[in-house]
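Heads up: numbering here begins at 1 and tracks the sequence.
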Amino acid sequence: MAVAAQSKQTATLAPGQVLRIYGMRRSGNHALIDWIFRNAEQGRGLFLNACKPGRDPVRSALSVGVFDRGKEQGLKGLGQKLEAAGEAPFTVVSFEDVVPPDASEPLYAAPERSAIIYRSFLQWSASLLRKIQGNRRYGALDRSRIMMIALSKYQQILARIQQGNSIPLLYDAWMTDENYRADALKRLGLPGQDLSRGNVQRFGGGSSFQGKKTAIDDLMTDKRSDAMADDLEYKLLLWTAARDLRFMERLAAIFPEDAERLLTLSDTAKAKVTLP
């Protein structure tokens with residue numbers, strides 16, 4: 001494979017086009033990434049999954065995949081994968097749970113775009129909390145810490161969406177609206193015409209609520225908040241978020257219905273704690 005002469009960080013890869021993708025966990029990242037590769041030129045490309053910011057994407061990626069005709073190939077070994085990707089491959093570099101920088105240097109000497117995959121707050125927070133509740137290593141304090149850090153990053157991602165430096169891809173709309181998927185292809189500059197949602201991806205462990213083997217038509221991604229409505233940890237999380245003015249301002253700008261529901265919760269819920 002050709003060497004990227006102008007790149008100090010990456011001497012093993014010279015993409016023809018780069019799509020940098022940011023997204024919080026449980027936001028449908030891998031569903032959209034799979035769809036992106038199905039709509040790339042001839043369904044071909046290289047996927048650098050969950051890379052570390054500021055480091056060589058190839059070397060820091062959690063995994064590396066090669067797509068051909070829209071399907072990931074069962075290849076082993078980094079060298080074999082890079083060779084199979086061919087010269088100047090379309091390359092998706094994903095950063096998970098990472099806030100996009102205000103401005104950044106290109107990763108490679110190639111045309112580059114940046115996209116943010118995001119999800120409505122109520123559905124995303126319900127899905128993430130349910131996911132970590134299934135991990136027996138985490139107690140209530142661990143879960144609270146993880147969720148508060150995630151909320152802070154979520155707020156920053158909303159701010160980046162408002163800045164307009166990246167292409168926003170809303171998972172909720174992508175799941176339910178074929179016209180939205182068609183428009184997203186145009187915004188991404190992808191040549192394909194595959195408007196299907198594909199299959200539930202192996203990455204991320206499948207649905208937090210319905211397991212790994214659920215068909216995509218059976219996913220109820222717009223019902224996650226309803227499913228967690230009686231969960232005490234979830235209610236405390238939402239009540240806390242509703243009391244943060246800066247967070248609520250960000251949320252109202254992007255998801256006004258979610259913000260309105262949180263305001264109602266803040267007005268009606270009275271937290272009375274009496275120490276013994």
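- In this structure, Asp142 pairs ionically with Arg145, as a charged nitrogen and a carboxylate oxygen lie closer than 4.0 Å.
- Taking a 6.0 Å sphere around CD of Glu260, one finds it holds 12 or fewer heavy atoms contributed by other residues, nucleotides or ligands.
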- Query: After noting the C-alpha distance and the side-chain angles of Asp102 and Arg160, does the key distance pass the salt bridge (Lys or Arg N to Asp or Glu O under 4.0 Å) rule?
  - Reply: CA-CA 7 Å; Asp102 286 320; Arg160 295 294 186 269; 3.4 Å; yes

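- Asn179 pairs by the side-chain contact (heavy atoms from CB on, under 4.5 Å) definition with Asp177, not counting sequence neighbours.
- Under the 6.0 Å distance and 45° angle rule, Arg25 does not count as a cation-pi partner of Tyr118.
- Taken to the nearest 0.5 Å, the CZ atom of Arg119 stands 10.0 Å off from the CG atom of Leu170.
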- Message: Under the criterion salt bridge (Lys or Arg N to Asp or Glu O under 4.0 Å), I'd like the reasoning laid out for Arg261 against Asp258: C-alpha separation, chi angles, the key distance, then a yes or no.
- Response: CA-CA 5 Å; Arg261 289 184 65 185; Asp258 282 10; 5.6 Å; no

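- Summarising the local packing, CZ of Arg243 is surrounded by 12 or fewer heavy atoms from other residues, nucleotides or ligands at distances under 6.0 Å.
- Side-chain atoms of Trp174 do not come within 3.5 Å of backbone N or O of Gly28 as any donor-acceptor pair.
- Applying the side-chain contact (heavy atoms from CB on, under 4.5 Å) criterion to Asn165, with sequence neighbours excluded, gives Gln163.
- To the nearest 0.5 angstrom, Gln193 atom CD is 13.0 Å from Arg38 atom CZ.
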- Just do the side-chain hydrogen bond (donor to acceptor under 3.5 Å, both in side chains) check on Gln156 and Arg250 with the steps written out, would you? CA-CA 9 Å; Gln156 294 174 64; Arg250 293 291 188 196; over 6 Å; no

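- The aromatic ring centres of Tyr154 and Phe121 sit less than 6.0 Å apart.
- The backbone N or O of Ala61 lies less than 3.5 Å from no partner atom in the side chain of Lys52, so there is not a single donor-acceptor pair.
- Of the possible donor and acceptor atoms, one in the side chain of Ser27 sits under 3.5 Å from a partner among the backbone N and O of Met24.
- Counting non-hydrogen atoms of neighbouring residues, nucleotides and ligands closer than 6.0 angstrom, the CG atom of Asp230 reaches no more than 12 such neighbours.
- With Asp68 as reference, Arg44 is the one residue of Gln73, Arg44, Gln42 to meet the side-chain hydrogen bond (donor to acceptor under 3.5 Å, both in side chains) rule.
- The pair Asp231-Lys235 does not meet the salt-bridge criterion, since no charged nitrogen lies less than 4.0 angstrom from a carboxylate oxygen.
- Side-chain contact between Leu169 and Ile116: absent, with no pair of heavy atoms (C-beta onward) separated by less than 4.5 Å.
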